[in-house]
Trainee: 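Sharing a structure with you now.
One-based numbering, in listed order, for ligands and for the atoms of each.
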Amino acid sequence: MPKIQKQKNGSMTLLAGGSNPELAINIARKLDIPLGNVLLGRFPEGEIQVQIRDNIRGKDVFIVQSTCTPPNENIMELLILIDAARRASAKRITAVLPFFGYARQDRKDRPRVPITAKLVANLIVSAGANRVLTMDLHAGQIQGFFDIPVDHLYSINVLGDYLEKKKLKNLVIVSPDVGGIKMARGYAKLFRCDLAIVDKRRESASETHVMHIIGSVKNKNVVIIDDLISTGGSLVEAAKALKRHGARDIYATIVHPVLAGPAIERIQNSVIKELIVTDSIPLSPEKRIKKITQLSIASLLAEAIYRIHYNESISTLFSQSAVEA
Ligand code: R5P
């Protein structure tokens, strides 16, 4: 990755919502610019209070906010920040969404259900965002929900580099469901190894059931790849089934650590040797268990922000295997 040069013209401003301050600070550090001064508060009745305390007139403004837990608060805070930046005469506003929540509600899979991912995209555009920068969307097609330019990054280089150093022999990459095949195939291509697929049925929002395993995992070291882990049901059930089918060590590489409800307990008691995640979502102290390794995507996001600001290509930032898988 080319070295980020020091800002000369100061026309870029980086602001952050309250969802992931550590990541925002690290991005600012990599860009060698200060994080913008923003008041993020609450009025007594709970309404969100925001004030951008720096002059951003005519600036290229990037607002970092993961729409993770609590998703509704974080989305609303993002919308209000965008509105404040627009009314403060920012030249261009980019919503930087390391994790885009509600992404799993991207289609009508049952009668009379909403497409909430599209609703959230509409809200972000209506609030005044001119661009979106995001990473490892649940489904690539969600880019089309925004009628503004979307730069979609992949964390495969960051996660893949870490896995590479483990020098795992006799490796098979596993997708824990049919929907994740494309992403898993990217890793299988990168490591030039086989791919196996777990045929999973979802019983409820937190329970899943493994029906079959497609492909061979017997006597192989396994890396399960997924875009997000919520309650951990999909991952832990997949790992159990893989063990039953003769897998050796089981690792999991999952981009967005949502880690809701029983997730930590499930991982702790599971056969999984190590779960590798990114800092697209921060880990609260009780989630920082030994089995979880968190890798930073701050450099990747900083480099993308720098390139957007200077109208440089973004595609050179990620391995083609992620895109063409
Ligand atoms: C499903 O399509 C996703 O990629 C994840 O596999 C799933 O949403 C994870 O949810 P949970 O951890 O609650 O099983």
Side-chain angles (χ1 to χ4, degrees), residues 66-71 97-110 113-118 120 134-143 145 152 154-156 159 173-188 195-214 222-242 250-272 274-278 280-281 283-284 286-287 289 291-292 294 322 325:
S66 285
T67 54
C68 52
T69 311
L97 311 169
F99 168 66
F100 179 64
Y102 277 112
R104 287 179 293 174
Q105 296 184 42
D106 61 352
R107 64 199 177 284
K108 276 192 77 173
D109 55 356
R110 280 163 297 142
V113 295
I115 304 182
T116 317
K118 171 63 178 152
V120 175
T134 189
M135 197 186 72
D136 287 304
L137 286 167
H138 177 63
Q141 301 88 303
I142 294 171
Q143 291 171 60
F145 288 5
H152 185 210
Y154 301 90
S155 59
I156 185 169
L159 297 167
I173 298 289
V174 172
S175 172
D177 55 35
V178 175
I181 294 176
K182 191 172 186 294
M183 186 178 196
R185 203 191 287 138
Y187 281 78
L195 175 70
I197 298 151
V198 175
D199 175 20
K200 149 188 121 176
R201 297 281 185 278
R202 189 168 276 289
E203 312 285 349
S204 70
S206 62
E207 304 292 332
T208 63
H209 180 64
V210 172
M211 309 296 283
H212 307 100
I213 296 202
I214 304 161
V222 167
V223 180
I224 302 172
I225 306 289
D226 211 348
D227 62 313
L228 71 91
I229 172 165
S230 179
T231 65
S234 307
L235 176 63
V236 167
E237 287 306 309
K240 258 195 237 166
L242 291 163
I250 301 182
Y251 297 84
T253 293
I254 300 191
V255 183
H256 306 295
V258 176
L259 297 171
I264 291 294
E265 202 186 330
R266 282 176 168 173
I267 294 159
Q268 193 72 275
N269 300 328
S270 73
V271 293
I272 292 155
E274 184 180 1
L275 166 62
I276 303 135
V277 299
T278 76
S280 67
I281 298 174
L283 293 182
S284 50
E286 69 279 6
K287 291 180 181 172
I289 59 169
K291 276 192 180 185
I292 301 183
Q294 193 177 33

Trainee: If I compare all heavy atoms of Val198 with all of Ala238, which pair ends up nearest, and what's the gap?
Mentor: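 Where Val198 meets Ala238 most closely, the heavy atoms are CG2-CB, 4.1 Å.
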Trainee: Among Asp226, Asp106, Asp227, find the residue that satisfies the side chain to side chain donor-acceptor pair (under 3.5 Å) test when tested with His138.
Mentor: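 Passing option: Asp227.
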Trainee: Of all the heavy atoms in Leu235, does at least one lie under 4.0 Å from an atom in ligand 1?
Mentor: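 The answer is no, since Leu235 has no heavy atom less than 4.0 Å from ligand 1.
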Trainee: Mind checking whether Asp227 contacts ligand 1 via backbone (N, CA, C, O), side chain (CB onward), both or neither, at a 4.0 Å heavy-atom cut-off?
Mentor: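 Looking at Asp227 and ligand 1, just side chain atoms fall under 4.0 Å.
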Trainee: Give the residue, atom name and distance (to 0.1 Å) of the protein heavy atom nearest atom 13 (O) of ligand 1.
Mentor: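 Answer, as residue, atom name and distance: Thr231 OG1, 2.6 Å.
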Trainee: Is there a donor-acceptor pair under 3.5 Å between the side chain of Lys291 and the backbone N or O of Ser270?
Mentor: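 At least one qualifying donor-acceptor pair exists.
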Trainee: Before giving the answer on side chain to side chain contact (heavy atoms under 4.5 Å, CB included), spell out for Lys287 and Ile292 the whole-Å C-alpha distance, their side-chain angles and the decisive distance to 0.1 Å.
Mentor: CA-CA 8 Å; Lys287 291 180 181 172; Ile292 301 183; 5.5 Å; no
Trainee: Side chain, backbone, both or neither: which applies to Asp177 and ligand 1 if a contact is any heavy-atom pair less than 4.0 Å apart?
Mentor: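 Just the side chain.
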Trainee: Looking only at heavy atoms, what is the nearest atom pair of Tyr102 and Ala117, with distance?
Mentor: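 Answer, listing the atom of Tyr102 first, then Ala117: O-CB, 3.4 Å.
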Trainee: Just going by heavy-atom distances, which of Arg266, Arg104, Glu237, His138 is nearest to atom 2 (O) of ligand 1?
Mentor: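 It is His138 that holds the nearest heavy atom.
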Trainee: Which option, Gly232, Pro176, Gly180, Ser234, owns the non-hydrogen atom nearest atom 12 (O) of ligand 1?
Mentor: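 Heavy atom nearest to atom 12 (O) of ligand 1 belongs to Gly232.
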Trainee: Any idea which atoms of ligand 1 are less than 4.0 Å away from a heavy-atom of Leu228?
Mentor: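 That gives atoms 5 (C), 8 (O), 9 (C) of ligand 1.
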Trainee: Identify the protein heavy atom lying closest to atom 10 (O) of ligand 1, giving its residue, its atom name and the separation to 0.1 Å.
Mentor: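 Protein heavy atom at minimum distance: Arg202 NH2, 3.3 Å.
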Trainee: If you take all heavy atoms of Asp136 and Met183, which pair is closest and at what distance?
Mentor: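 Minimum heavy-atom contact is OD1-CE, 3.9 Å.
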Trainee: Among protein heavy atoms, which lies nearest atom 5 (C) of ligand 1, and at what distance?
Mentor: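 Minimum-distance protein heavy atom for atom 5 (C) of ligand 1 reads Asp226 OD2, 3.3 Å.
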Trainee: Using modelled atom types and a 3.5 Å cut-off, is there a donor and acceptor pairing between side-chain atoms of Glu237 and backbone atoms of Pro176?
Mentor: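 Such a contact is absent between Glu237 side chain and Pro176 backbone.
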